[in-house]
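Working notes, structure below.
The first residue of the sequence shown is numbered 1, and numbering continues consecutively from there. Reckoned from all heavy atoms, side chains included, excluding hydrogens, waters and symmetry mates.
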Amino acid sequence: YDWTRSMANWLYYNKATTTAPPRLMELYNQWAVWEDWNIPKGEFDRWWRLGIEEGAIYGKGPIIPGAREALWRLSDAEWHIHIATSRLTKFGLHDKVVQNTAQWLRENNIPYRDLSFVDDKTRIMADAIVDDKASNMDPRVHGRMFLFGAPHNGSDVTWDTILAEL
């Protein structure tokens with residue numbers, strides 16, 4: 001799920017910004033994307049919450065290129081796919097976040113065996129972890145660690161890279 005692109009589309013569609021999504025994505029270079037997009041954090045959070053409530057954020061939105069195919073290749077190779085996300089920590093909208101996430105996974109035909117909503121991903125033991133935030137990974141519990149490429153982290157790891165190494 002491409003959360004940043006989904007937020008860019010949502011904000012533009014709802015006229016929270018006049019900057020078109022492709023330009024917003026060009027401006028994106030840090031975790032605090034609202035700063036890149038010149039939107040006050042409180043306003044950004046308000047739109048984020050509304051997007052969750054309306055089923056647009058986490059329930060609709062683009063897939064990261066190559067993700068579905070890579071996950072199916074791993075699943076077919078008998079990897080136990082455990083999707084862990086920290087999105088439940090936002091706004092107390094647990095029911096909507098879970099519903100939106102499950103709907104998106106189903107509609108996008110994403111294979112997985114477990115789905116966890118957890119703030120601390122270092123509590124989950126795994127042979128391999130793929131995440132776009134380095135602090136979510138710990139070599140004591142994660143055998144292989146892949147910092148998935150995103151403008152906010154400077155990594156160039158792609159699904160092709162991951163498949164080649166697993």
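One finds the CG atom of Leu27 at 9.0 Å from the OG1 atom of Thr17 (value rounded to the nearest 0.5 Å). Taking CG of Asp120 as the start and CG of Asn136 as the end, the distance is 8.0 Å to the nearest 0.5 Å. To the nearest 0.5 Å, atoms NE2 (His142) and CE (Met137) are separated by 8.5 Å. For the atom pair OG (Ser116) and NZ (Lys121), the distance works out to 10.5 Å, reported to the nearest 0.5 Å. One distance of note links CG of Leu93 with CG of Asp95; it measures 7.0 Å at 0.5 Å rounding. Once rounded to the nearest 0.5 Å, the distance linking CG of Asp138 with CZ of Arg123 reads 13.0 Å.
Considering all non-hydrogen atoms of both residues, Leu147 and Ala134 come closest at CD1-N, 3.5 Å. Nearest heavy-atom pair, Ala8 versus Pro21, reported as atom, atom and distance to 0.1 Å: O-CG, 3.9 Å. Minimum heavy-atom separation, Ala150 to Asp132: CB-CB, 4.4 Å. Closest of all the heavy-atom pairs between Trp47 and Ala16 is NE1-CB, 3.3 Å. Thr122 and Ser135 get closest at one heavy-atom pair: CG2-O, 3.9 Å. The two residues Val157 and Ser155 come nearest to each other via the heavy atoms N-OG, 3.2 Å.
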### Task
For Trp10 and Ile52, run side chain to side chain contact (heavy atoms under 4.5 Å, CB included): C-alpha distance rounded to whole Å, both residues' side-chain angles, the deciding distance at 0.1 Å, then the answer.
CA-CA 10 Å; Trp10 170 250; Ile52 293 169; over 6 Å; no
#### Entry: Test log, rule side chain to side chain contact (heavy atoms under 4.5 Å, CB included), inputs Val130 and Trp159
CA-CA 9 Å; Val130 178; Trp159 281 108; 4.1 Å; yes
### Task
Show your working on side chain to side chain contact (heavy atoms under 4.5 Å, CB included) between Met7 and Val33 and close with a plain yes or no.
CA-CA 10 Å; Met7 281 300 298; Val33 67; 6.0 Å; no
### Query
How far apart are the C-alpha atoms of Val141 and Met125, what are their side-chain angles, what is the distance that settles it, and do they pass the side chain to side chain contact (heavy atoms under 4.5 Å, CB included) test?
CA-CA 5 Å; Val141 294; Met125 292 185 67; 4.3 Å; yes
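Between Lys133 and Asp131, no side-chain nitrogen of the basic residue sits less than 4.0 Å from a carboxylate oxygen of the acidic one, so the salt-bridge criterion is not met. Arg49 and Glu53 are joined by a salt bridge, as a carboxylate oxygen and a charged side-chain nitrogen come within less than 4.0 angstrom of each other.
Side-chain atoms of Trp3 and Arg87, non-hydrogen and from C-beta on, never get closer than 4.5 Å to each other. Residues Ile83 and Ile110 form a side-chain contact, since some pair of their non-hydrogen atoms from C-beta on lies under 4.5 Å apart. Under the 4.5 Å side-chain criterion, counting only non-hydrogen atoms from C-beta, Arg106 is in contact with Gln103. In this structure, the side chains of Asp127 and Trp79 come closer than 4.5 Å at one or more pairs of heavy atoms. No side-chain heavy atom of Leu71 sits under 4.5 Å from any side-chain heavy atom of Tyr112. Between Ile129 and Met145 the shortest side-chain heavy-atom distance falls below 4.5 Å. Side-chain contact between Tyr28 and Met25 is present, with at least one heavy-atom pair separated by less than 4.5 Å. Side-chain contact between Phe148 and Thr161 is absent, with no heavy-atom pair separated by less than 4.5 Å.
In this structure, the side chain of Arg144 engages the main chain of Glu165 through a donor-acceptor pair within 3.5 Å.
Using a 30° and 60° split on the angle between ring planes, Trp104 and Tyr1 fall in the perpendicular class, above 60°.
Neither Trp72 nor Leu105 shares a network with the other; the hydrophobic side chains, linked directly or stepwise wherever heavy atoms of I, L, V, M, F, W or Y lie under 4.5 Å apart, form separate groups for each.
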Listing, residues 57-66 side-chain donor-acceptor contacts under 3.5 Å, not counting sequence neighbours, or none:
| from | atom 1 | to | atom 2 | distance (Å) |
| --- | --- | --- | --- | --- |
| Tyr58 | OH | Trp48 | NE1 | 3.2 |

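Dense packing is recorded around CZ of Phe117, with more than 12 heavy atoms of other residues, nucleotides or ligands lying under 6.0 Å away. Within 6.0 Å of CG in Asn38 there are 12 or fewer heavy atoms belonging to other residues, nucleotides or ligands. Under a cut-off of 6.0 angstrom, the local environment of CZ in Arg68 is crowded, with over 12 non-hydrogen atoms contributed by other residues, nucleotides or ligands.
With sequence neighbours excluded, no residue forms a salt bridge (Lys or Arg N to Asp or Glu O under 4.0 Å) with Lys96. Taking Trp37 as the reference, nothing meets the ring pair (Phe, Tyr, Trp, His ring centres under 6.0 Å) condition, with sequence neighbours excluded.
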